[in-house]
Amino acid sequence: MSSPSKRREMDLMKLMMSDYKVEMINDGMQEFYVEFHGPKDCPYHGGVWRIRVELPDAYPYKSPSIGFINKIYHPNVDEMSGSVCLDVINQTWSPMFDLVNVFEVFLPQLLLYPNPSDPLNGEAAALMMRDRTTYDQRVKEYCEKYAKPEDADAAPEAKSCDEELSEDEYACSDEEVAGKADP
Amino acid sequence: MDLSAVVSWSDVSTERREIEANKGEREAREERNTEREQIKQLERLIGRERFNRWFMREGERQSWGYHHALCNGFVHAIGDLEPYIDTPLQAVVFTDINLENAIEFNDYCHSHQPSIAFIKADVRGLFGSVFCDFGPEFTVFDVDGEEPHTGIIASISNDSSALVSCVDDERLEFQDGDLVIFSEIRGMTELNDGKPRKIINARPYCFNLDEDTTNFGAYERGGIVTQVKQPKVLHFKPLREALKDPGDFLLSDFSKFDRPPLLHLAFQALDKFLSELGCYPVAGSEEDAQKLISIASNINESLGDEKLDDINPKLLRYFAFGARAVLNPMAAMFGGIVGQEVVKACSGKFHPLFQFFYFDSVESLPTEPLEPSDFRPLNSRYDAQISVFGSKLQKKLEDAQVFVVGSGALGCEFLKNLALMGVSCGSKGKLTLTDDDVIEKSNLSRQFLFRDWNIGQAKSTVAASAAASINPRLHIEALQNRVGPETENVFDDTFWENLNVVVNALDNVNARLYVDQRCLYFQKPLLESGTLGAKCNTQMIIPHLTENYGASRDPPEKQAPMCTVHSFPHNIDHCLTWARSEFEGLLEKTPAEVNAYLSNASEYASAMRNAGDAQARDNLERVLECLDKERCHTFQDCITWARIKFEDYFANRVKQLIFTFPEDAATSTGAPFWSAPKRCPHPLLFSVADPSHLYFIMAASILRAETFGIPIPDWVKHPKKLAEAVDKVIVPEFQPKKDLKIATDEKDTSLSTASVDDSAVINDLIMKLEQCRKNLLPEFRMKPVQFEKDDDTNYHMDLIAALANMRARNYSIPEVDKLKAKFIAGRIIPAIATSTAMATGLVCLELYKVLDGGHKLEDYRNTFANLALPLFSMAEPVPPKVIKHRDMSWTVWDRWILNDNPTLKELLRWLSDKGLNAYSISFGSCLLYNSMFPHHKARMDKKMVDLAREVAKVELPPYRRHLDVVVACEDDEDNDVDIPQISIYFR
């Protein structure tokens with residue numbers, strides 16, 4: 001395995017090689033956005049989310065922090081902050097994992113198999129346990145309302161809009177690569 | 001002989017107080033009388049000035065610790081025992097005493113009723129020994145100082161040997177034979193009787209119990225299993241017997257596994273040498289060395305079956321040469337060990353040393369052979385050191401340019417050691433010390449260069465002047481800069497290039513990683529150490545010989561899952577994490593948010609409109625609350641706010657949660673929702689009669705008043721008056737949000753009722769805020785409160801503890817006191833002087849090697865030690881990883897240099913000529929080039945230095961001639977190759 005200092009570069013590279021749309025924040029390698037598509041065969045299919053990824057100083061020893069920028073209705077995602085409560089990207093993270101694992105496996109699994117027993121969004125969890133049909137419907141409504149492709153595209157933090165950043169954005173939006181979502 | 005004084009006095013007194021509290025008062029008095037007798041007898045036996053003792057009397061103790069501190073960490077023989085005659089004597093430490101006398105005193109201590117702990121310690125040059133005899137029957141109450149292990153039960157079988165399974169949250173740490181008790185079990189309630197039961201067949205997530213539960217009730221749910229720590233009784237042998245039959249020696253270094261029996265023999269031979277010749281061997285005298293070797297050989301011959309095959313004359317020669325010298329690092333190390341043994345003898349906490357410990361550090365000797373003339377005394381304070389290492393190394397020590405980073409517990413010890421060793425005390429020597437911290441009261445228990453009148457002063461300045469008073473020749477400069485990228489103008493290239501060695505005395509990993517990077521870059525040796533309670537570790541980072549500090553890392557601290565902290569805490573840590581985050585939200589973030597709004601309302605509003613998300617909405621709601629309906633004008637308003645917060649946190653939120661997930665709720669699979677490790681909460685019913693409820697109101701209202709700049713009336717501290725004020729508050733009735741229930745009935749309209757459009761709400765909130773702002777004075781601001789755990793009068797920890805404990809009560813989790821809360825919330829493990837002294841002693845033994853130069857990897861030692869067990873583990877450092885590519889090889893210590901101000905294209909070409917295809921180039925945390933970004937192609941013809949200026953916005957001062965980039969590349973087979981940093985010279 002490569003040295004920790006190069007892991008950021010390598011992991012980011014691998015993510016882009018897997019055709020994920022990545023948008024750097026200010027040419028730094030600490031934080032960036034990744035476009036994420038809901039997996040097939042679940043009510044989240046068709047939804048597109050902008051995921052904020054932050055690589056801590058101790059990455060890959062410490063897990064990346066992952067947050068949904070546009071809203072999602074899910075028992076394990078905080079509706080307000082978009083924080084995700086998932087053991088593999090918190091407690092059981094290992095430096096063997098990388099960003100491709102996060103987007104190809106962990107997040108799709110989270111959307112396919114929510115865990116209502118340890119909810120962050122209690123309401124969503126309770127609804128899922130009591131009435132799966134209404135829950136599925138609610139998820140779809142949220143997708144339509146908040147997770148259309150253009151919702152994932154919008155730049156929410158308009159600050160620090162320097163030349164380099166805008167250049168990046170044009171470059172990225174021209175490409176229109178669809179994220180590979182299925183594990 | 002000197003030993004560093006290293007007992008943590010406050011710890012001793014607490015332990016001792018607990019022990020005394022358990023004894024009857026009469027018993028204690030009787031004990032004091034008998035001990036008065038003991039002293040007299042001992043005096044008769046010993047003669048006054050012969051022994052150093054630790055006095056363990058309550059009250060005297062603090063002043064004693066203080067006295068030791070005044071002596072700059074050195075224990076001195078006590079001449080006059082008279083003032084301490086009524087001291088209850090629990091432990092005696094003998095140093096510099098011959099065996100014959102030692103045996104006599106030991107017999108007395110061993111057979112005394114109750115027995116007196118006897119500790120004998122010696123350091124001779126680079127060799128040291130400790131012997132402990134705590135009496136024929138000594139009880140250890142706590143063998144390792146660790147918290148009792150616990151587990152959350154998932155199931156228990158009805159069996160002849162019940163199988164107990166626990167939730168798979170955390171691995172169990174029970175061992176076979178451990179005793180455990182059970183609580184909160186539903187169903188099989190017979191186990192809740194508090195009787196300790198034995199574990200058999202312990203496994204990671206389950207264990208069997210030595211108990212027949214066949215006829216017990218069937219397990220339903222719940223239950224916690226807790227280890228009961230068992231006292232351990234040790235039977236010590238007296239010195240007389242232990243000398244002949246030493247038992248197992250405590251081993252410190254596996255590469256020297258045969259060393260302890262040899263040193264056991266050597267120390268006896270030295271004692272015989274002394275009694276036969278009346279003095280110790282002279283340094284450099286081959287005649288004396290031969291004499292010692294022949295004595296050792298004779299003793300060995302008389303040992304019969306125990307005889308050693310090889311008495312290693314070479315080692316004995318070194319031992320003879322150093323016999324007269326007491327070296328500061330050895331004294332510091334053994335002082336640490338002995339100090340901890342004294343605490344063990346007096347407190348019964350931690351496992352005593354059983355019974356002999358021998359240690360040597362011959363690897364610290366210079367690599368070049370020394371001539372007898374090198375050892376000749378110069379009639380200086382360093383003669384002892386010269387007699388072991390020779391005057392050439394002494395000169396190197398004195399002329400060394402040293403950087404000590406940090407002036408806390410480790411820093412104070414280091415400064416004392418360095419001053420005593422004469423490091424940086426020569427005309428060319430220079431010691432730079434930096435620390436940006438000021439002295440606090442809690443530092444005084446171990447940072448012994450500081451006095452109570454120094455509180456509030458800069459640590460580095462006070463420590464530097466104290467060190468200069470130990471050795472006036474010390475050339476020391478004290479700075480108050482934190483080391484980091486922001487102080488690279490102070491600690492510039494010239495500063496780093498001139499250094500011989502860097503000594504870390506830091507308390508956090510990030511600063512250590514930074515210094516590591518700098519040392520790596522400037523190729524400087526770095527001596528690293530750290531302590532954690534009774535544990536300590538040292539790591540030597542030597543250019544090109546060893547790996548660097550950052551090459552291996554501890555796993556990051558385990559954090560509780562967010563949902564657990566949020567709604568499902570099951571231990572006090574979870575409650576404290578929650579309390580800490582609520583504190584920050586209420587008292588720091590929200591007031592800061594209010595001020596941000598008030599400073600520039602229109603800009604703030606448009607930023608929130610732009611964001612347009614739930615977070616922005618939440619921010620605005622909280623700002624509005626502070627300025628509108630919850631705004632406080634009087635102290636009574638603050639009490640109202642605190643009372644309503646109580647209701648919200650500890651009643652309403654819990655009611656809402658139980659409403660959403662009733663106690664009998666089931667998951668989709670039909671299993672109960674509230675199953676382990678989740679604990680079902682219960683709302684609190686506020687009562688002014690409950691002191692802890694009132695305590696919460698007091699702390700919360702005081703801090704709320706602080707954020708509004710409202711004066712705090714004295715009456716708030718009178719429970720009765722406070723209760724009257726709280727009673728005036730009208731608390732609205734709780735109505736659960738029925739949104740969910742409605743949703744299940746009226747499926748079609750669910751979304752529209754559930755989430756109204758955020759942007760509409762945001763606009764509405766901004767309008768309301770504008771109204772509020774019109775009623776405020778233009779200069780109105782709130783005062784954000786920043787959490788400070790160390791001030792006992794600021795009510796911060798009081799509120800955190802109150803928040804955490806009330807939440808713990810909601811979930812029936814045992815509550816903690818303020819001090820324990822502070823330790824957990826602040827992640828504080830009290831630093832103790834014993835392990836600190838030992839760590840710095842070990843590091844200074846390595847410093848001899850570093851400053852001598854020319855030592856090989858196998859001469860260096862890294863250490864991990866735990867004085868509580870006790871355990872010493874010393875080993876050769878790990879060499880750096882060598883990377884090979886084509887015919888090249890390099891390690892992390894190498895750097896590549898590229899001259900002539902290249903462009904990006906030229907850099908890529910230079911690499912591809914080596915068979916390396918670069919795909920990513922970064923400067924600091926800034927990405928200069930990535931082959932995946934099409935627009936980065938436009939950067940190809942730019943000079944690298946210009947890219948750094950434009951993209952990373954770096955300012956390169958005129959003296960700077962190069963910049964360093966990190967390049968990620970692959971070889972032609974697409975394998976990643978980890979190449980060195982590249983220095984690009986642009987002028």
Side-chain angles (χ1 to χ4, degrees), chain A residues 2-6 8-10 12-13 16-17 22 24 27-30 57-58 61-63 69-71 76 78-85 87 90-91 116-120 122-123 125-134 137-138 141-142 145 156-159 164 167-168 170-171 175, chain B residues 509-510 513 550-551 553 555-556 558-564 566-568 607 610-615 617-618 656-657 660-661 665-668 671 673 675 678 737 739-740 743-744 747 750-751 754-755 892 919-920 922 925-928 930-935 950-952 966 968 976 978:
Chain A
S2 198
S3 79
S5 64
K6 307 253 171 73
R8 289 162 192 281
E9 275 96 335
M10 271 179 60
L12 200 57
M13 193 68 182
M16 290 188 288
M17 302 269 279
V22 178
M24 311 300 290
D27 264 333
M29 277 177 302
Q30 208 93 353
D57 285 338
Y61 298 104
K62 211 169 165 223
S63 62
I69 295 295
N70 42 333
K71 252 188 220 188
N76 309 105
D78 187 54
E79 195 178 338
M80 196 169 64
S81 65
S83 317
V84 181
C85 199
D87 57 354
N90 293 298
Q91 297 77 49
S117 305
D118 297 302
L120 206 53
E123 192 199 300
L127 185 59
M128 181 181 165
M129 291 189 315
R130 274 180 218 152
D131 184 348
R132 188 67 196 235
T133 326
T134 317
Q137 193 190 340
R138 176 80 61 98
E141 282 164 6
Y142 264 64
K145 201 160 180 339
E157 280 157 48
K159 58 187 176 191
E164 288 296 332
E167 192 187 324
D168 271 346
Y170 291 128
E175 276 170 73
Chain B
V509 172
N510 284 344
L513 287 170
R553 285 203 211 184
K558 283 264 176 279
Q559 280 175 343
M562 218 179 314
C563 48
T564 303
H566 228 249
S567 314
F568 311 108
N610 275 343
D613 57 7
Q615 197 112 47
R617 179 179 156 178
D618 182 57
Q656 180 66 46
L657 191 60
T660 315
F661 302 104
T667 62
S668 324
F673 177 82
S675 58
K678 287 201 288 289
K737 278 184 254 162
D739 184 46
L740 192 59
T744 50
K747 286 175 187 170
S750 58
L751 186 63
S755 66
V892 68
Y919 60 80
S920 176
S922 57
S925 68
C926 206
L927 191 63
L928 299 184
N930 185 308
S931 59
M932 288 295 283
F933 287 130
H935 68 289
E950 286 164 24
V951 181
V966 172
D976 261 277
D978 200 357

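By convention in this document, chain letters (A, B, ...) are assigned in the order of the sequence lines, proteins followed by strands, and residues within each chain are numbered from 1.
- The distance from the CD atom of Q656(B) to the CD atom of E123(A) is 9.0 Å, given to the nearest 0.5 Å.
- Heavy atoms closer than 4.5 Å to chain A are found nowhere in A671(B), neither backbone nor side chain.
- M10(A) CE to Y919(B) OH: the interatomic distance, rounded to the nearest 0.5 Å, is 5.0 Å.
- The closest side-chain heavy-atom distance from H566(B) to D78(A) is below 4.5 Å.
- Distance check, rounded to the nearest 0.5 Å: OG1 of T667(B) to CE of M128(A) gives 9.5 Å.
- If you tally non-hydrogen atom pairs under 4.5 Å between each of A125(A), S81(A), P119(A) and chain B, the highest count goes to P119(A).
- S922(B) and E9(A) share a donor-acceptor pair across their side chains, judged by distance under 3.5 Å alone.
- Between N930(B) and M16(A) there is a side-chain heavy-atom pair separated by less than 4.5 Å.
- The shortest non-hydrogen separation linking A126(A) to T660(B) is CB-CG2, 3.4 Å.
- Between the OG atom in S83(A) and the CE atom in M562(B) there is a gap of 4.5 Å [rounded to 0.5 Å].
- Side-chain contact between D118(A) and K678(B) is present, with heavy atoms from C-beta onward closer than 4.5 Å.
- For A560(B), the part sitting under 4.5 Å from any heavy atom of chain A is the backbone (N, CA, C, O) and nothing else.
- Shown here for M17(A) and M932(B), the closest heavy-atom pair between the two residues is N-CE, 3.8 Å.
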